[in-house]
Structure formats: structure tokens, C-alpha cells
Amino acid sequence: MPKPSSKLPKQPTNAVKSEPKTYTFFEDVWAVTRQIPKGRVTTYGAIANYLGTKLSARMVGWAMNAAHTAKPKIPAQRVVNRNGMLTGKMHFKTPTLMQELLEKDGVAVENDTVVEFKKLFWDPALALAI
DNA sequence: CAGATGACTTGTG
DNA sequence: GCACAAGCCATCT
């Protein structure tokens, strides 16, 4: 059906160099997500907190949605909700892909939840030391 | 321009 | 401990 485009979150014609008002947020989230060590996981709240918008953890989720369109692959599988549950798995190409990737990283996943999530939790604020 | 949605989090009942 | 509601901000309709 004729839906030309505009499915992505605003194609950045001018990118972030012109008016970095919103895309900065996405890039920040992606940057943090990429810095997540292998075998570790973090939460939307932690990233949001690091960015200073802990009250808007939802926006982090939106950034992950945009991560699909990001050039380099974003290890969004390492980002889970506060319960350690793979809430965003359904947004992957396949619902099981997220778990597969996590297990490949060495993270045990059971019942769509990261096992010993507390132990594997990685806080960007601590790693990046602000 | 206004209303609705969302890969969340926290608080109260 | 579980269920419902409010808050947050950007994007979509």
C-alpha cells in the first residue's frame, strides 16, 4: 500500500549538527548502550538516570525503537526493564532473538528474564563515572 | 494544534 | 505481593 516512507522517527536530514534538541537524546542512549560490557545488562531507568531524565525512562525505550534504524547495531538486548525482564524482545526481528543474543553474550535468560540480573547489572553512571 | 501511544518507573490501595 | 493509577517526554495520527 502506498505508504512512501516516514515510518522512521524523522529521518535526520540535518542530523544533530544543526539543531541538537532531540536527536542528542537518541545518540546518547545509543552511546551508552554500546558501552555496555559484554555479558552485562542495564535498565532503561539507569540509562535515563545517567542522561538526567530518569523520570522519562520511556524515552529510552523510544530511543531503542530508533536503534533499529541506527547505523551500527545497537545491543538493545542488553537493555532490559527494572525487573530484568526482556520487555522489548517483541520488537526484535524475532521475539527470541533478544534472548539468543543475551545467551550468546553469556547472560543466562529464563522465562524472558535475566538470571541473576542483579549481579549482571551494569550502571552507566558508575562505569562512566559521570 | 490536540489527542493518543509507548521497549518505563514509582507510589498507593 | 499484586493491581491500578499517575508522571515523564518525544513521536505519531
Side-chain angles (χ1 to χ4, degrees):
Chain A
M1 45 129 57
K3 207 150 198 205
S5 53
S6 293
K7 206 65 189 280
L8 313 175
K10 236 70 179 300
Q11 266 301 314
T13 29
N14 46 13
V16 59
K17 67 194 300 183
S18 274
E19 190 77 45
K21 67 190 327 197
T22 59
Y23 248 78
T24 306
F25 189 87
F26 284 58
E27 290 199 341
D28 281 347
V29 174
W30 298 342
V32 174
T33 307
R34 287 202 208 95
Q35 284 163 80
I36 300 175
K38 184 184 168 197
R40 290 290 181 88
V41 293
T42 189
T43 70
Y44 302 95
I47 296 175
N49 183 27
Y50 171 71
L51 297 177
T53 64
K54 77 169 188 184
L55 298 177
S56 312
R58 276 178 167 159
M59 295 300 87
V60 179
W62 249 143
M64 290 296 109
N65 186 20
H68 262 266
T69 71
K71 303 90 171 257
K73 243 193 144 192
I74 307 294
Q77 73 276 10
R78 292 175 187 161
V79 182
V80 294
N81 75 341
R82 204 201 156 296
N83 276 325
M85 193 173 180
L86 312 181
T87 51
K89 65 170 187 172
M90 48 167 75
H91 285 268
F92 278 73
K93 200 176 169 186
T94 59
T96 54
L97 180 62
M98 190 174 187
Q99 179 171 337
E100 292 280 315
L101 291 170
L102 279 173
E103 290 184 334
K104 226 165 99 171
D105 278 353
V107 178
V109 177
E110 194 174 323
N111 246 355
D112 300 337
T113 308
V114 176
V115 182
E116 305 204 83
F117 157 74
K118 268 162 70 174
K119 211 151 89 163
L120 299 173
F121 176 71
W122 177 83
D123 191 343
L126 289 176
L128 303 177
I130 306 185

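Only heavy atoms go into these numbers, but all of them, side chains included; no hydrogens, no water, no symmetry mates. Since the model is a prediction, treat every value here as computed from it, not as a measurement. Naming convention: chains lettered A, B, ... in sequence-line order (proteins, then strands); numbering from 1 in each chain.
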Quick one: does A:D123's side chain have a donor or acceptor within less than 3.5 Å of a partner on A:A125's backbone? yes
Base, sugar-phosphate or nothing for A:A48? Non-hydrogen atoms, less than 4.0 Å. nothing
ring-ring contact (aromatic ring centres under 6.0 Å, His included) contacts in which one or both residues fall within residues 61-96 of chain A, not counting sequence neighbours: none
Give the nucleotide from the list [options] with an atom nearest to the side chain of [X].
| X | options | answer |
| --- | --- | --- |
| A:N65 | C:dA10, B:dA7, C:dC9 | B:dA7 |
| A:T43 | B:dA7, B:dG6, B:dT9 | B:dT9 |
| A:L55 | C:dA10, C:dC8, B:dA7 | C:dC8 |
| A:S56 | B:dG6, C:dC8, B:dT9 | C:dC8 |

Between [atom2] of [N] and [atom1] of [X], the distance in whole Å:
| X | N | atom1 | atom2 | result |
| --- | --- | --- | --- | --- |
| A:N49 | B:dT9 | CG | C1' | 12 Å |
| A:I47 | C:dC9 | CD1 | P | 18 Å |
| A:W62 | B:dG6 | CH2 | P | 8 Å |
| A:N83 | C:dC2 | CG | P | 10 Å |
| A:L86 | B:dA7 | CG | P | 14 Å |

Looking at DNA chain B, which of residues 90-99 of chain A put a heavy atom within less than 4.0 Å of it? A:H91, A:F92
Just need the stems in DNA chain C: three or more back-to-back Watson-Crick or G-U pairs, each with both distances under 3.5 angstrom, sorted by first number. B:2-6 with C:9-13, B:8-13 with C:2-7
